[in-house]
Enquirer: 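The following block contains the structure, expressed as structure tokens.
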Amino acid sequence: MDIDTRIRRRERLQDDRRLVVDYQALSPVAHVEEPPGRGPVLERVLDHLDPVFEGRKPPDGALWGPPGSGKSAVVTALFDRLRIRTEQSQSVVHTTTRAQSPDAPAFVYLDTRAASSRFQLYHDTLAALTDESVPEHGVSTEQLQSRLRSRLGRYSSAVVAVDHVGEPQTLSAAEVREQFEPFGSQLSLLTISRSPPDAWPVETIEIPGYGQQVLIDVLMTRSSEGLTSDAFTHRQARTLASWASGNAHDALAALFGAADAAAAENRDQLTEADLQAGMDHVPERCVSLGWVLTLPENRQLVLYELLQLPDAAGRSVTEITDALADRPAIDLSAGTIRRFLYELAEDGIVERVETERKHDQGRPPSRIEPRFPTRVFERLYEIQN
DNA sequence: GATCCACGGGAATACACGGATG
DNA sequence: CATCCGTGTATTCCCGTGGATC
């Protein structure tokens, strides 16, 4: 055996020991097939949907609970399964030549973070119900409405789950309901929100935050999918779970950040310092990562490049704007970048913090602080782009 | 030609402060 | 002392334009 081979063998050994990170498996916004510990909630949602299985339209409903309690996880997992079942039964219909009465229900999941206009709501609903692509331009909202109407006619009933309603920057439940008014007889809505729905007559399902044990379970399950075995201990999961106090989003974001810190140092296990780094990268009053990742492309670019600026933390909005405008990756005017930054601050994705004045005169500038899990965003952004 | 939406640009407004004014 | 004014900077608001797509 020659020396090179011996060295390569050592290198490979090192590689094998190295922490493997499947970032998607650790992502707080990943869709999972079986959300752990949410069986009772699944049952209640299924109870609510019961009429569907007899071909009737269920009443409108509302699922609500605190951030990071698995609302999106439950609904996406459930609707995914239901949709697959529908598609299977529909394809049976398609293969028969005889025209049949529609007997299968439709299940649609919408995110109001991505769909904020009537056009987008109809578009996304229609897109979920058709294989063909639905035009995003050149067609009026009214045309989409009539296309959607006739499409809905092919199902016995339809349930549209509308996620993230009533957040500061999204449509309220009432607004969503109003936009879908024309389809009142054809579909029912299941809104998903952080606070209980006000007023309209619906069946309400409350989802509590995760208990400590279940959250530890969630972390262990995800780490077993995303990391090499033994990289993350039960004791560490306990630490993260208690730090996150029931919020799975924050706990997973911290785990993700910790894994990334360990990977950067070529470690095969998470240390306490990694854990701390992971938690430090999840700011207090943290905005959901899902919100950041559904922003238009150029805004995400601005955020990403902002995080790449070495000394962004100490600089004013104006200075940051100029620095970003100089970045080759960004092809936007300084004015637009500045407007983006102010808009992102308005949305709470970053925060403007007043600083002491730098000039003798004029209004004092403010600096920018991210309000989302930065490390997670950076990795996921890099994977996406 | 229609349609939606992101950009760009700029006008309008807010804020902080020192100095002038009543 | 309270208020107003001018100046300079920060922030918000608004709308026309053009790209992309049908």
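Just so you know, these numbers come straight off a predicted model, no measurement behind them. We name chains A, B, ... by the order of the sequence lines, and we start the count at 1 in each one.
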Enquirer: Nearest whole angstrom, please: distance from the C1' of C:dA10 to the CD of A:Glu354.
Expert: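 Spelled out: CD on A:Glu354 to C1' on C:dA10 is 9 Å.
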Enquirer: How close or far is atom C1' of B:dG9 from atom CZ of A:Arg338, stated in whole angstroms?
Expert: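 Answer to the nearest Å: 11 Å.
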Enquirer: Tabulate atom names and distances for all N/O pairs under 3.5 angstrom spanning the protein and nucleotides 6-8 of chain C.
Expert:
unit_1, atom_1, unit_2, atom_2, d
C:dG8, N2, A:Arg363, N, 3.0

Enquirer: Keeping to residues at least two apart or across chains, list the ring pair (Phe, Tyr, Trp, His ring centres under 6.0 Å) pairs with something in residues 280-318 of chain A.
Expert: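 Residue pairs passing ring pair (Phe, Tyr, Trp, His ring centres under 6.0 Å), neighbours aside: A:Tyr304-A:Tyr381.
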Enquirer: Take atom CG of A:Leu341 and atom P of C:dT11, then tell me their distance rounded to the nearest Å.
Expert: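 After rounding, the reported distance stands at 10 Å.
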Enquirer: Between A:Ile337 (CD1) and C:dT11 (P), how many Å, whole number?
Expert: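 The distance from CD1 of A:Ile337 to P of C:dT11 comes to 16 Å, rounded to the nearest Å.
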Enquirer: Which pairs count as side-chain hydrogen bond (donor to acceptor under 3.5 Å, both in side chains) when at least one residue sits in residues 19-32 of chain A, sequence neighbours excluded?
Expert: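 Non-adjacent pairs meeting side-chain hydrogen bond (donor to acceptor under 3.5 Å, both in side chains): A:Tyr23-A:Asp260.
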Enquirer: Can you name the residues that form a side chain to side chain donor-acceptor pair (under 3.5 Å) with A:Gln212, not counting sequence neighbours?
Expert: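 Not a single residue meets the side chain to side chain donor-acceptor pair (under 3.5 Å) criterion with A:Gln212.
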Enquirer: Counting side-chain heavy atoms from C-beta on, which of B:dG8, C:dA10, C:dT11 comes nearest to A:Ser366?
Expert: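 Closest nucleotide to the A:Ser366 side chain: C:dT11.
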Enquirer: Tell me: CZ of A:Phe340 to C1' of C:dT11, nearest whole Å?
Expert: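 Checked: the CZ to C1' distance equals 17 Å.
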Enquirer: If you group Ile, Leu, Val, Met, Phe, Trp and Tyr by side-chain heavy-atom gaps below 4.5 Å, do A:Val32 and A:Val74 land in one group?
Expert: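 A:Val32 and A:Val74: separate clusters.
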Enquirer: Applying salt bridge (Lys or Arg N to Asp or Glu O under 4.0 Å), which residue pairs with at least one partner in residues 206-220 of chain A are found, sequence neighbours left out?
Expert: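 Passing the test, one end in residues 206-220 of chain A: no pairs.
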Enquirer: Who passes side chain to side chain donor-acceptor pair (under 3.5 Å) against A:Tyr109, sequence neighbours left out?
Expert: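 If we apply the side chain to side chain donor-acceptor pair (under 3.5 Å) test to A:Tyr109, skipping adjacent residues, the hits are A:Asp163.
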Enquirer: Any pair with a residue in residues 37-53 of chain A that passes side-chain hydrogen bond (donor to acceptor under 3.5 Å, both in side chains), sequence neighbours left out, goes on the list, sorted by first then second residue, please.
Expert: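 Residue pairs with at least one partner in residues 37-53 of chain A: A:His48-A:Glu203.
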Enquirer: For A:Arg352, answer base if it contacts any base atom (sugar-phosphate contacts may also be present), sugar-phosphate if it contacts only those atoms, and nothing otherwise; contact means non-hydrogen atoms under 4.0 Å.
Expert: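 Contact class for A:Arg352: sugar-phosphate only.
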Enquirer: With the threshold set at under 4.0 Å for non-hydrogen atoms, list the residues of residues 134-147 of chain A touching DNA chain C in residue-number order.
Expert: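 Contacts with DNA chain C under 4.0 Å: A:Pro135, A:His137, A:Gly138.
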Enquirer: Tell me which residues in residues 322-330 of chain A put a heavy atom below 4.0 Å from DNA chain C, sorted by number, or none.
Expert: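 When residues 322-330 of chain A is checked for heavy atoms under 4.0 Å from DNA chain C, there are no hits whatsoever.
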Enquirer: Kindly say if A:Ser333 contacts the phosphate of B:dG9, meaning a side-chain N or O under 4.0 Å from OP1 or OP2.
Expert: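 The answer is yes; a side-chain N or O of A:Ser333 sits under 4.0 Å from OP1 or OP2.
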Enquirer: Closer than 4.0 Å, any side-chain N/O of A:Thr318 to the OP1 or OP2 of C:dA10?
Expert: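 Yes, such a contact exists.
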Enquirer: Report the distance from atom CD of A:Glu297 to atom C1' of C:dA20, rounded to the nearest whole Å.
Expert: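 In whole Å, C:dA20 C1' lies 13 Å from A:Glu297 CD.
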Enquirer: For A:Glu351 and C:dT11, what is the distance between atoms CD and C1' respectively, to the nearest whole Å?
Expert: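 Rounded to whole Å, this separation is 16 Å.
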Enquirer: Residues two or more places apart in sequence or in another chain: which of them pass salt bridge (Lys or Arg N to Asp or Glu O under 4.0 Å) with A:Arg327?
Expert: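 Per chain and number, A:Arg327 pairs via salt bridge (Lys or Arg N to Asp or Glu O under 4.0 Å) with A:Glu305.
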Enquirer: Please work out which residues in residues 117-133 of chain A have a non-hydrogen atom less than 4.0 Å from an atom of DNA chain C and list them by number.
Expert: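 Within this stretch, nothing sits under 4.0 Å of the strand.
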Enquirer: In a check of side chain to side chain contact (heavy atoms under 4.5 Å, CB included) between A:Asp124 and each of A:Val162, A:Asp111, A:Leu110, which one passes?
Expert: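 Result: among A:Val162, A:Asp111, A:Leu110, A:Leu110 is the only option passing the side chain to side chain contact (heavy atoms under 4.5 Å, CB included) with A:Asp124.
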Enquirer: For A:Asp311, enumerate each residue passing the side chain to side chain donor-acceptor pair (under 3.5 Å) test, keeping only those at least two apart in sequence or located in another chain.
Expert: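 A:Arg315.
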Enquirer: Between A:Val353 and A:Ile320, is there a shared hydrophobic cluster once you connect ILVMFWY residues whose side-chain heavy atoms come closer than 4.5 Å?
Expert: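 No: no chain of side-chain contacts under 4.5 Å links A:Val353 to A:Ile320.
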Enquirer: Please report the distance, rounded to the nearest Å, between CZ in A:Arg339 and C1' in B:dG9.
Expert: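 Interatomic distance, CZ of A:Arg339 to C1' of B:dG9: 9 Å.
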Enquirer: Are A:Tyr342 and A:Ile330 linked, directly or through intermediate hydrophobic residues, by side-chain heavy-atom contacts shorter than 4.5 Å (ILVMFWY only)?
Expert: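 Hydrophobic grouping puts A:Ile330 with A:Tyr342.
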Enquirer: Measure from NZ or CZ of A:Arg83 to the centre of the six-membered ring of A:Phe107 and say whether it is under 6.0 Å with the direction within 45° of the ring axis.
Expert: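 No, a cation-pi geometry is absent between A:Arg83 and A:Phe107.
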Enquirer: Same cluster for A:Leu46 and A:Ile192 if Ile/Leu/Val/Met/Phe/Trp/Tyr side chains link at under 4.5 Å?
Expert: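 Linked within one cluster.
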